[in-house]
Amino acid sequence: MHAVIRAIPRGSVATYGQVAELAGVPGGARIAAASLKQEVNLPWQRVIGKASGRRGRIKILDPVGAAIQRGLLEKEGVEVGDRGLIDLGVYGWLPKMKTARRNGRVGKTTMTRAGSDRGASLRRPPRSGSKRRA
DNA sequence: CGCGTGACTTGTA
DNA sequence: TTACAAGCCACGC
């Protein structure tokens, strides 16, 4: 796990799920996060959450930690949005996949749902009109 | 149609 | 049991 994280090249970022899978723990995104929290000396800054398609989103709840991470990433040359959005299609770490064209979309053929969290299976009751709010 | 945020679900510590 | 450095999905813009 740590080896995988440390393998992330400077200027690139990876999602917790991706790191976890590469470490041999599918769906172990939370495990990866926990490991990063426990072990220091790791470039946890390069490990981010995930949003839509090729966009990464900092899921860090701690505003201070998130700010630090953002600063470090920017220093490495990674563009971080104000909301913590990072373009994985450009800065996303591409381990062994050779066919993946960073210049566009990530070759999901090799990755195939790195996250695979069942997060969304039986949710979303008929919310009348608005998406949230009751 | 594409990107972004919001909200729900799951797992570990 | 609760909290969290996550993830997916659906809706909004």
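None of these values were measured; they are calculated from a predicted model. The figures here come from the full heavy-atom set of this structure, side chains too, leaving out hydrogens, waters and symmetry mates. Protein chains get the first letters and strands the later ones, always in sequence-line order, with residue 1 at the start of each.
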Need one value for [X]: base, sugar-phosphate or nothing, where a base atom within 4.0 Å counts as base even if backbone is also close, heavy atoms only.
X: A:Gly65; result: nothing
X: A:Ile58; result: nothing
X: A:Leu36; result: nothing

I want to verify a distance call: between [options], whose nearest atom is closest to the [X] side chain?
X: A:Ser52; options: C:dA10, C:dC4, C:dG7; value: C:dA10
X: A:Arg30; options: C:dA5, B:dG11, B:dT5; value: B:dG11
X: A:Ala29; options: C:dG7, C:dC4, B:dT5; value: C:dG7
X: A:Arg54; options: C:dG7, B:dT5, B:dC3; value: B:dC3
X: A:Gln38; options: B:dC3, B:dA13, B:dG4; value: B:dA13

Task: Transitive ILVMFWY side-chain link A:Ile68 to A:Leu61, under 4.5 Å - done: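 Shared cluster, no.
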- [ ] Say whether A:Leu88 and A:Leu85 are linked into one hydrophobic cluster, either directly or through other cluster members, by side-chain heavy-atom distances under 4.5 angstrom.
- [x]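 No, A:Leu88 does not connect to A:Leu85 through the hydrophobic network.
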In whole Å, what is the span from the [atom1] atom of [X] to the [atom2] atom of [N]?
X: A:Arg70; N: C:dA5; atom1: CZ; atom2: C1'; answer: 17 Å
X: A:Gln18; N: C:dC8; atom1: CD; atom2: C1'; answer: 16 Å
X: A:Lys50; N: B:dT9; atom1: NZ; atom2: P; answer: 19 Å
X: A:Asp87; N: B:dG2; atom1: CG; atom2: C1'; answer: 12 Å
X: A:Lys59; N: C:dA3; atom1: NZ; atom2: P; answer: 17 Å
X: A:Leu85; N: B:dG6; atom1: CG; atom2: C1'; answer: 13 Å
X: A:Glu39; N: C:dA5; atom1: CD; atom2: P; answer: 16 Å
X: A:Glu21; N: C:dG7; atom1: CD; atom2: C1'; answer: 13 Å

TODO: Report yes if a side-chain nitrogen or oxygen of A:Arg83 is closer than 4.0 Å to either non-bridging phosphate oxygen (OP1 or OP2) of B:dG4; otherwise report no.
DONE: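 So the side chain of A:Arg83 is outside the cut-off, no N or O lying under 4.0 Å from OP1 or OP2 of B:dG4.
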Task: Side-chain N,O (A:Arg55) to OP1/OP2 (B:dG2) below 4.0 Å - done: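 No, no such contact exists.
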Task: Result of checking A:His2, A:Lys37, A:Met1 against A:Leu42 for side chain to side chain contact (heavy atoms under 4.5 Å, CB included) - done: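 With A:Leu42 as partner, A:His2, A:Lys37, A:Met1 yield a single side chain to side chain contact (heavy atoms under 4.5 Å, CB included), made by A:His2.
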TODO: Return the 5'-most residue of the pair A:Ala34, A:Arg57 with respect to DNA chain B, ranking by each residue's nearest nucleotide.
DONE: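 The 5'-side residue here is A:Arg57.
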- [ ] For the residue pair A:Arg70 and A:Leu73, establish whether any side-chain heavy-atom pair is separated by less than 4.5 Å.
- [x]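 Heavy-atom side-chain distance check fails, nothing below 4.5 Å.
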Task: Residue pair A:Val80 / A:Tyr91, side-chain heavy-atom distance below 4.5 Å - done: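 A side-chain contact under 4.5 Å is absent here.
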Open item on the list: Tell me whether A:Glu39 at atom CD has more than 12 heavy atoms from other residues, nucleotides or ligands lying less than 6.0 Å away.
Closed with: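 Atom CD in A:Glu39 is packed in, count exceeds 12.
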TODO: May I ask which nucleotide in the shown strands pairs with C:dA5, Watson-Crick or G-U wobble, both distances under 3.5 Å?
DONE: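 Paired with no nucleotide.
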TODO: Take A:Ala51 and A:Ala66, find for each the nucleotide of DNA chain C with the closest heavy atom, and name the residue whose nucleotide sits nearer the 5' end.
DONE: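 Counting from the 5' end, the first nearest nucleotide belongs to A:Ala66.
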